[in-house]
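Okay, structure first, notes after.
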Amino acid sequence: MSATKEIDAPVHEPRSNDTEELARQILEKMTYSIGKHPDQARKYDWLRATTLVVRDRIIDRWFASGNRIEETGGKEVCYLSMEFLIGRLLRDAINNLQLTQPITEALAKYGVELDMVELLEPDAALGNGGLGRLAACFMESMASTGVPGYGYGIRYVHGFFRQEISEGAQVELPETWLVHGNPWEFERRDASYEIGFGGTVNTIHETGRPPRQVWRPGERVMAVAFDTPMVGWRGEQINTLRLWSAQAVDPILLDAFNQGDHIGALVESNKAEAITRVLYPADSHQAGQELRLRQEYFFSSASLQDMIKRHVRRHGTVETLADKVAVQLNDTHPAVSIAELMRLLVDIHGVPWARAWEITRATCGYTNHTLLPEALEHWPIHLFERLLPRQMQIIYTINAEVIRHAAQEKGFEGFEISAISLIDEGNGRRVRMGQLAFVGSHAVNGVSALHTDLMKETVFHSLHKLYPDRIQNKTNGVAPRRWLMECNPELTELITDAIGPGFLDDIDKIRAIDKLANDAAFVEKFGAVKRTKKAQLAHLISERMALQVDPDAIFDIQVKRIHEYKRQLLNIIEAVALYDQIRSHPERNWTPRVKIFAGKAAPSYAQAKEIIHLANDVARLINSDPVVRDLLKVVFIPNYNVSLAEIIMPAADLSEQISTAGLEASGTGNMKFALNGALTIGTLDGANVEMKDHIGDDNIFIFGLTAPEVAERRAQTHSGRSIIEETPILREALHAISSGLFSPEEPARYHGLISNLYNNDWWMICADFQAYWDMQRHLDDLYRRPKEWQAKAVHNTARMSWFSSDRSIREYAKDIWQAGPGAV
Ligand SMILES: *Cc1c(COP(=O)(O)O)cnc(C)c1O
């Protein structure tokens with residue numbers, strides 16, 4: 001209920017950022033919000049008290065951002081994403097509010113270190129990898145570039161699993177980020193919506209009106225909103241991340257309980273809550289289970305109902321929806337939104353079908369993230385129909401119209417009709433979510449230039465022919481606040497000293513350090529920062545793994561999801577080959593190297609788990625061999641997540657971006673590394689292609705087959721056998737692995753992995769091996785000329801600003817959303 005009397009919004013003065021005042025408020029929170037005497041406070045209590053003090057400062061600004069959009073009536077972006085891999089928030093908020101120094105000093109008064117406190121915050125891992133992290137960088141960049149909007153997703157109770165390595169193999173443990181509560185979120189009971197599943201659809205005939213469809217769901221659950229503020233740079237704009245949690249409409253069946261059926265009384269509530277209990281731990285693979293489709297529909301419907309309710313409250317009609325709201329679908333996970341928006345407009349708001357279709361298309365945009373066939377979502381018709389009967393009808397109607405249009409306007413027939421159809425008739429009839437998202441959106445984008453071109457040629461070839469203006473490119477980016485300023489304060493300070501602080505507000509100004517690549521003193525300092533960051537990572541490795549690595553060796557790092565297409569196996573085989581060479585010729589002048597891996601495999605992805613096992617087996621033997629001493633070490637750091645990435649990225653000399661060409665949509669790890677001055681060894685894949693254009697051919701190390709060459713080989717019958725036989729270094733390395741040298745307790749452990757290379761080599765590991773090996777030896781030589789190496793590193797940092805997610809967001813805002821500061 002709203003207040004009966006007009007209340008002036010926040011009555012207090014803006015809160016002071018003075019050290020004394022911050023210290024006083026931290027103490028007050030400790031006492032009155034946490035209920036502890038400072039003498040009894042544990043480290044975790046200091047984290048909480050600090051978070052609450054920072055949060056107060058966010059809330060005033062959050063209201064102001066909300067009021068601005070109410071007053072100006074500007075357009076809002078709703079970014080729908082199944083995943084937000086946000087990581088920790090405290091450092092990000094403190095940095096963006098410019099509070100690092102005063103908070104550090106305030107805590108110091110109590111003998112508490114801010115850095116230590118920040119490490120206690122759980123890492124919010126509501127995502128698998130790149131796609132979820134992109135959504136998180138985009139939320140920060142939307143706030144930082146002044147694009148108002150909401151992120152919409154799912155409040156999973158258990159995020160991405162925690163990985164341990166036991167006897168070399170991955171073990172998955174549940175992740176529990178919410179056990180201590182979450183001070184960043186606000187539960188909004190007033191923003192809750194009913195979500196239906198199943199049931200029946202009836203046609204209602206009323207005289208003088210067209211027939212209406214009425215869906216009576218067989219099952220209902222509640223979606224309840226939890227809001228987290230997303231703080232932009234300098235706190236000038238605060239957006240909202242709204243995550244939905246599922247709850248039963250009736251939390252307990254009292255009848256059943258009273259009759260003594262205590263379990264049965266909770267069945268409904270358990271079933272409802274299951275929807276938002278766990279994140280599916282698979283990327284690049286379609287989950288294909290009913291619960292997953294429930295999750296997708298649940299959060300799509302809740303987000304659309306919320307968005308429409310807000311719009312109607314402000315503007316009184318759904319007619320103007322597309323002028324005031326832009327919906328972006330992050331991959332096909334929210335693609336059911338197209339059918340659901342049509343249902344809400346037609347069935348609930350009484351908009352005629354044709355007009356509803358115009359509004360839907362004008363409102364929605366779709367971002368494609370993968371061309372891998374195993375990742376393209378499609379749902380069996382019988383499942384879809386049972387769970388979402390009305391949405392299924394709507395999809396049939398849309399499909400009929402698209403096909404009619406294609407046949408009449410473009411003369412499509414036969415093969416091309418089946419290519420554009422929303423229904424795949426080939427595999428037991430399935431709904432194709434990519435096709436649905438495509439036809440229901442006014443803009444469809446890929447995430448790098450190469451990926452966008454391949455989209456036009458492959459998955460959406462026929463739809464592109466039908467709607468030639470719809471596909472566009474929006475190359476990914478990363479947030480420079482998190483991925484430079486916060487994770488690398490040492491480098492930030494060096495750059496600030498050299499060119500002033502202007503690049504903090506406009507990352508393109510970082511280009512001014514490019515000419516300093518010729519300044520010996522600057523290059524030396526740049527190298528010294530890198531050395532510091534490497535020592536920090538070496539310390540972490542020593543603490544966590546009881547393994548000593550030398551910070552003067554090349555830190556050669558591959559961290560990302562473990563997947564065959566990302567080719568960690570190529571990197572491991574190169575390590576084995578190098579090990580073999582060092583053992584055969586220990587007297588040669590080898591460049592010391594530490595090969596570092598981290599990443600999780602989907603629990604059901606057997607090959608990926610074998611690759612993790614192999615990396616650990618190889619590490620065990622090499623690290624204990626006195627002959628190679630410090631010339632080669634192999635490290636697999638468990639439990640890769642955002643917080644670990646923040647330590648790893650600044651510490652890399654060499655960034656491994658070696659996917660089979662044509663398969664990595666963009667990559668963003670590649671960008672984080674290069675921004676922090678790592679040189680890239682990589683294939684012409686994803687955003688590497690554009691990085692090469694920006695950084696310059698001399699400052700990036702490209703090898704291997706191109707995407708068209710891979711396609712050509714795959715069309716022929718390519719196998720690794722002849723290559724292996726002609727390449728002694730490769731042959732020896734594979735022989736060592738398959739002979740059981742690294743797995744004496746189970747000599748045949750890797751027979752399957754190796755025989756795939758001989759018989760098939762689908763991922764072109766053998767095909768690219770020699771080129772990769774040669775480039776690595778070239779880099780060994782370069783590393784022996786540290787001035788030259790570091791000068792190239794400076795060029796990397798100087799020339800990476802285009803890969804800021806601020807640039808990506810400005811492009812989306814201008815070309816797809818027509819929202820934000822530039823929009824009229
Ligand atoms: C950036 C990032 C990714 C994406 O890495 P790619 O190399 O682009 O696959 C995955 N996980 C985490 C934790 C990240 O920070």
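Every number for a ligand or one of its atoms is a count from 1 in the order of the listing.
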- Which atoms of ligand 1 have any heavy atom of Gly667 under 4.0 Å away? 8 (O)

- Item | Heavy atom of the protein closest to atom 11 (N) of ligand 1 (residue, atom name, distance) | Tyr640 CE2, 3.5 Å

- Are the side chain of Arg133 and the backbone of Ile86 linked by a donor-acceptor contact shorter than 3.5 Å? yes

- Message: Show the atoms of ligand 1 that are less than 4.0 angstrom away from any heavy atom in Lys566.
- Response: 9 (O)

- Residue, atom name and distance, where the atom is the protein heavy atom closest to atom 7 (O) of ligand 1: Lys560 NZ, 2.7 Å

- Answer with side chain, backbone, both or neither: which part of Arg561 has a heavy atom less than 4.0 angstrom from an atom of ligand 1? neither

- Note on the structure: the protein heavy atom lying closest to atom 8 (O) of ligand 1 turns out to be Thr668 N, 2.8 Å

- Query: Hey, is Asn641 touching ligand 1 through its side chain, its backbone, both or neither, going by heavy atoms under 4.0 Å?
  - Reply: backbone

- Query: For ligand 1, which atoms sit closer than 4.0 Å to a heavy atom of Trp483?
  - Reply: 15 (O)

- Sole candidate of Val634, Ile541, Val594 that passes side-chain contact (heavy atoms from CB on, under 4.5 Å) when paired with Leu547: Ile541

- Task: Please work out whether the ring planes of Phe703 and Tyr772 are parallel, tilted or perpendicular, with thresholds of 30° and 60°.
- Result: tilted

- State the atoms of ligand 1, each with its element, that fall below the 4.0 Å cut-off from a heavy-atom position in Gly130. 3 (C), 4 (C), 10 (C)

- Taking the six-membered ring of Trp763, is NZ or CZ of Arg567 closer than 6.0 Å to its centre and within 45° of its axis? no

- Considering the heavy atoms of Ala645, write down every atom of ligand 1 situated less than 4.0 Å from one of them. 15 (O)

- atom 14 (C) of ligand 1 sits nearest the protein heavy atom Lys672 NZ, 2.9 Å

- Task: Please find out if less than 6.0 Å separates the ring center of His158 from that of Tyr156.
- Result: no

- Task: Determine whether the aromatic ring centres of Tyr783 and Trp789 lie less than 6.0 Å apart.
- Result: yes

- Go through ligand 1 atom by atom and flag the ones less than 4.0 Å from a non-hydrogen atom of Gly129. 10 (C), 11 (N)

- Centre of Tyr640's six-membered ring, under 6.0 Å away, within 45 degrees of the axis: is that where NZ or CZ of Lys600 sits? no

- Query: Honestly, is Arg155 close enough over Phe226, meaning NZ or CZ under 6.0 Å from the six-membered ring centre and within 45° of the axis?
  - Reply: yes

- Nearest non-hydrogen protein atom, atom 5 (O) of ligand 1: Gly669 N, 3.7 Å

- Asn445 and Tyr366 side chains, donor-acceptor separation under 3.5 Å: no

- Message: With a 4.0 Å cut-off on heavy atoms, is Glu646 in contact with ligand 1?
- Response: no

